[in-house]
Amino acid sequence: MKKLLSILSFLILISQVQAQQLPRVIILATGGTIAGAGASADRAGYTAGKIPIDDLIGTIPSVKKIASISGEQVASVGSQDMTIDIWKKLAIRINEIFKNNEADGIVITHGTDTQEETAYFLDLVITSDKPVVLTGSMRPATAISADGPKNLYDAITIAINPKSKGRGVLVSFNEGIYDAREVMKLSTTKTNAFGSPNTGPVGQAYDGRVEYYSSSDREVNPKKPIVLTPDTKLPRVDIVYMYADAPADQIDMLISKKVAGIVIAGVGNGNFNKAYMDAVKRAVAAGVIVCRASRTPSGRVVLHDEINDEELGTIVSDDLTPQKARVLLMLALTRTKDKKQLQEIFFTY
Ligand code: GLU
């Protein structure tokens with residue numbers, strides 16, 4: 001009996017030593033379909049964000065062989081309900097985890113609807129170069145061929161891979177690895193929902209392996225993170241969509257609300273009609289920063305092209321989508337209100 005006990009404690013000791021040697025990953029869970037549960041095996045009528053993080057980790061038991069995992073539930077929302085407060089909470093916790101050396105990599109589980117916005121927000125404010133990887137799923141955990149466990153496993157393999165360091169925040173989906181700045185949800189229901197229309201993926205995760213085949217210039221020359229503290233107040237920036245014969249009432253409404261910035265999801269090269277043009281002039285005169293972006297999913301909005309930005313007093317989003325231009329403008333406005341400097345930030349970040 002004594003002998004058996006000492007063998008047992010020896011085995012426990014060995015497994016503890018092994019666990020200590022494994023790379024440490026903290027999973028920060030925010031909800032989304034990956035934690036979604038429904039009454040039946042089809043997609044219909046499920047609720048996002050129902051399943052707690054420990055149960056999600058339980059869907060991939062073999063991950064224990066490659067990483068020492070712990071989970072924290074930061075929020076439990078469908079990502080259509082993502083808020084700036086949750087973004088701040090996530091960012092501050094991530095910076096703290098790395099500062100205290102609590103983990104070698106972080107995975108964030110997140111709904112897919114606004115995943116690209118959260119990824120870019122974090123990309124702009126995280127101070128460490130250790131890997132941070134977002135993932136989610138298109139099918140709830142209770143669906144046939146749920147894609148969550150595989151996406152989560154891949155995200156962990158990316159987070160523990162030394163090659164993932166210094167690449168900024170990444171999104172892992174359906175084996176693709178995407179740069180936070182470039183990635184976009186491109187399908188409402190398909191499991192290969194994500195893509196980067198301007199650049200393509202930066203790599204692939206498969207069979208527990210991670211391969212990178214490109215890197216973003218803007219990550220190679222790392223930008224200075226924008227300082228975020230619990231007291232940082234982000235100014236209000238809204239997005240107005242342009243379409244044929246659009247009236248400009250929304251722009252005037254936003255001027256009356258005294259918003260700090262407006263991003264126009266313009267047509268083509270960030271264009272808008274005469275009604276918008278006049279309203280944009282009123283916005284600029286009222287001190288609102290107006291940024292021209294495009295509803296077209298790829299390409300860049302060019303400064304001084306069809307629209308003379310210098311004359312109009314506008315800035316351009318470069319190749320950021322309107323939803324990401326809004327994120328950058330909110331954060332950039334905590335640094336400066338100078339249009340030249342803001343434009344420079346859009347060309348560098
Ligand atoms: N609308 C939900 C969300 O974004 C479900 C979509 C998903 O996660 O795929 O969280």
Side-chain angles (χ1 to χ4, degrees), residues 27-60 71-91 93-94 106-123 132-156 158-159 169-178 180-197 201 205 239 297 321-324 326-327:
I27 303 181
L28 302 177
T30 68
T33 294
I34 192 165
S40 63
D42 59 17
R43 287 181 46 95
Y46 75 95
T47 314
K50 279 268 168 226
I51 298 178
I53 180 58
D54 289 335
D55 293 6
L56 278 187
I57 298 169
T59 62
I60 44 169
E72 294 175 22
Q73 197 79 44
V74 177
S76 293
V77 293
S79 71
Q80 61 272 41
D81 286 320
M82 188 46 61
T83 62
I84 290 171
D85 278 348
I86 301 176
W87 283 350
K88 281 171 66 176
K89 206 168 150 188
L90 269 175
R93 180 69 189 120
I94 292 168
I106 288 176
V107 168
I108 301 168
T109 54
H110 195 293
T112 55
D113 290 354
T114 59
Q115 187 162 144
E116 67 212 56
E117 292 171 58
T118 302
Y120 188 48
F121 179 88
L122 296 176
D123 194 46
V132 175
V133 187
L134 279 89
T135 195
S137 76
M138 293 302 286
R139 296 178 182 146
T142 46
I144 301 166
S145 286
D147 53 334
K150 160 84 170 130
N151 283 345
L152 184 56
Y153 188 88
D154 285 349
I156 292 166
I158 296 164
V169 172
L170 299 166
V171 167
S172 155
F173 225 87
N174 198 42
E175 294 197 0
I177 310 173
Y178 302 93
R181 187 179 184 280
E182 310 298 336
V183 71
M184 193 176 180
K185 185 174 182 180
L186 295 172
S187 168
T188 54
T189 58
K190 288 182 183 168
T191 49
N192 63 345
F194 283 84
S196 296
I239 302 171
T321 57
Q323 55 271 34
K324 285 190 188 163
R326 169 185 173 255
V327 170

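Read the numbers this way: they start at 1 and go in the same order the structure lists the ligands and their atoms.
When all heavy atoms of Ala146 and Pro140 are compared, the pair lying nearest together is CB-O, 3.5 Å.
Exactly one of His110, Gln323, Lys324 qualifies for a side chain to side chain donor-acceptor pair (under 3.5 Å) with Glu116. That residue is Gln323. Shown are Thr118, Leu170, Asn151; of these, the side chain to side chain contact (heavy atoms under 4.5 Å, CB included) with Leu134 is made only by Thr118.
Counting only heavy atoms from C-beta outward, the side chains of Lys185 and Asp113 approach each other to under 4.5 Å.
Below 4.0 Å from some heavy atom of Gln80 lie the following atoms of ligand 1, by number and element: 1 (N), 2 (C), 3 (C), 4 (O), 10 (O). Close approach to Thr33 involves these atoms of ligand 1, each under 4.0 Å from a residue heavy atom: 5 (C), 6 (C), 7 (C), 8 (O), 9 (O). Short contacts between ligand 1 and Ser137, defined as distances under 4.0 Å to a heavy atom of the residue, involve ligand atoms 7 (C), 8 (O), 9 (O).
For ligand 1, the polar-atom distance check finds no N/O of His110 at less than 3.5 Å from any of the ligand's N/O atoms. The shortest N or O to N or O distance between Ser79 and ligand 1 is below 3.5 Å. Considering backbone and side-chain N/O of Thr112, one or more are found under 3.5 Å from N/O of ligand 1.
The structure places CD of Glu72 at 8.5 Å from CD1 of Ile106, a figure rounded to the nearest 0.5 Å.
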